[in-house]
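Below is one structure, written out as structure tokens; comments come after it.
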There are 2 protein chains.
Amino acid sequence: MAARHEEIADALRQAIDLGEYPVGGMLPTETELSARYAVSRGTVRQAVAALTAEGRIGSRQGARRVVLGSRRSQSFAELRSFAQWAKAMGHTATGRVIHQFRRPATVEDAQRLQIAPGEEVLQVLRVRGLDGEPVLLERNVYAQWMADAVERLPAECESVVQALYDDIGMIFAYGEHVIDAVAAGAEDARLLDIRRGSPLLRIRRMTTTPAGRPIEWSDDRYVSGTVSFAVANSIGSNPLARQSGQS
Amino acid sequence: MAARHEEIADALRQAIDLGEYPVGGMLPTETELSARYAVSRGTVRQAVAALTAEGRIGSRQGARRVVLGSRRSQSFAELRSFAQWAKAMGHTATGRVIHQFRRPATVEDAQRLQIAPGEEVLQVLRVRGLDGEPVLLERNVYAQWMADAVERLPAECESVVQALYDDIGMIFAYGEHVIDAVAAGAEDARLLDIRRGSPLLRIRRMTTTPAGRPIEWSDDRYVSGTVSFAVANSIGSNPLARQSGQS
DNA sequence: AAGTGGTCTAGACCACGAT
DNA sequence: TCGTGGTCTAGACCACTTG
């Protein structure tokens, strides 16, 4: 059973989507919501904090909360799994390994995966598709302790995250993502069936276990026009930082 | 004076940066932190929630909190102002208006700004530079009630956000950002001094007042290699949603 | 001045992870 | 089993916005 504050958050989301609390309008006061749902004020605050973090409502001391918009944001888990996201959006995800091999860790690998330079890592190149069209080129580097499990995966694997969970109970818990744009190189163009120099949205990711141990890092390149990312920010709290130059 | 929970969050951030709580290690328990800072457990939880949202620590029921990394994340306010971000990063920002004119709102304008189609809006095209180099093309559409103030701005304005705050006390409080990659068009290429077809990182933004009233929306295109964006996510809470197709 | 959200407390119980 | 974080309560006071 979901926590009470999550139930309330869901109820509020639904009310906003149904226009019960119109965009540009105001939410009831905390006191009123406490009474309506028969919970303490603290629980109501937990619920509205979730909507605030999603950018659906705005909050300022002294004034009533404002409805900013009704994002659908198929939310959660989505960043960790291309396949799960695709499924949630009603698309079909495919995946195919182009090549994979073990090699010694470069200095960059070592830094990102918190291992020693020269330690063995597994490099994988995958093409992933949406509804039959190739949309994404994934260049992954896995830490050695993950290599065996990854090599056991079938060449055509729909969801890597799901397969690794089923196989060895691996959970991808945390991630960091750096986003920029690059031109398609020769290999990119050939595998994604686009022209060389076409714009690609690049996401460089780093993933860890729930205990904070680095699992892999990846350079993902999305074909322009197929996928975009959305972020909400508000005064005094934004989850996104702009960075200068290449890094 | 900052709130107690913010002071504690700052102290923890600093302790992490100094290696007192090493990356991959664990944070003290809530109870211990309560005792150390002489506050209630609730206040400690507010503090660590901030670090969790920043992606610096990981949290799971039953296990101690884990230190994931020490991001510097020049954070805050940065998404709302190119100039403020540049300044914080030690760069010099410039801005120049190429053209600006009033016109009736299209259906798209009307939707985004929550106004009626045909109502007058102000369209502005600006080139913005970093340390002398043009890096960003901004196509803004302002709601009519903002138009006078925007037209009063000098053609070479370093910080629009700052100038509008100084002039009329305008605060840009909330924003939504959709990120993807596009190829430079003819106008893009000419004004940014790059080749046509070069990859650009595109951010489409929508900004509102603290009361939730739409101020403007904008199509920003960054020259590849000059700026990137970073996002942290964790299981059960991510501020970022992947979106399909153009929207 | 009244209303509302932000902060903080002190305590209780539960769910999950580690041992 | 024990320790830890997650949930929830009930109440107090403060800071800010609004009329």
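Residue numbers start from 1 in every chain, and the chains themselves are labelled A, B, ... in the order their sequence lines are given, proteins ahead of strands.
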[X] side chain N/O closer than 4.0 Å to the phosphate oxygens (OP1, OP2) of [N]?
X     : N      : result
A:R4  : D:dT7  : no
A:R65 : C:dG6  : yes
B:T31 : D:dG3  : no
B:R64 : C:dA18 : no

May I have the distance from [X] (atom [atom1]) to [N] (atom [atom2]), rounded to whole angstrom?
X     : N      : atom1 : atom2 : value
A:M26 : D:dG19 : CE    : C1'   : 12 Å
B:E30 : C:dA15 : CD    : C1'   : 14 Å
B:I8  : C:dT7  : CD1   : C1'   : 12 Å
A:L33 : C:dT4  : CG    : P     : 11 Å
A:H5  : D:dG6  : NE2   : C1'   : 8 Å

Of A:S40 and B:A211, the one whose closest DNA chain D nucleotide lies more 5': A:S40
Closest-nucleotide 5' rank along DNA chain D - winner of A:A38 and B:P28: B:P28
Axial bend angle, the helix from C:dA1-D:dT18 to C:dA18-D:dT1: five-pair end segments, nearest 10°: 20°
Polar side chain donor-acceptor pair, A:S59 to A:R65, under 3.5 angstrom: yes
Flag for B:E216-B:T207: side-chain donor and acceptor within less than 3.5 Å: yes
Polar side-chain atom of A:R128 near backbone of A:E158 as donor-acceptor pair, under 3.5 Å: yes
Side chain B:R64, main chain B:L27, donor-acceptor under 3.5 Å: yes
Between [options], which nucleotide has the shortest distance from any of its atoms to the side chain of [X]?
X     : options               : result
B:R41 : C:dC8, D:dG6, C:dG5   : D:dG6
A:V39 : D:dT9, D:dT7, C:dC8   : D:dT9
B:A63 : C:dA18, C:dG6, C:dA10 : C:dA18

Gap between atom OG1 of B:T43 and atom CG of B:L33 - 0.5 Å precision: 11.5 Å
From B:R13 atom CZ to B:E54 atom CD, the distance as rounded to the nearest 0.5 Å: 4.0 Å
A:R103 bridged to A:E120 by N-O distance under 4.0 Å: no
Sugar-phosphate only, base, or nothing, as touched by B:R45 at under 4.0 Å among non-hydrogen atoms: base
Of B:T43 and B:Q61, the one whose closest DNA chain C nucleotide lies more 5': B:T43
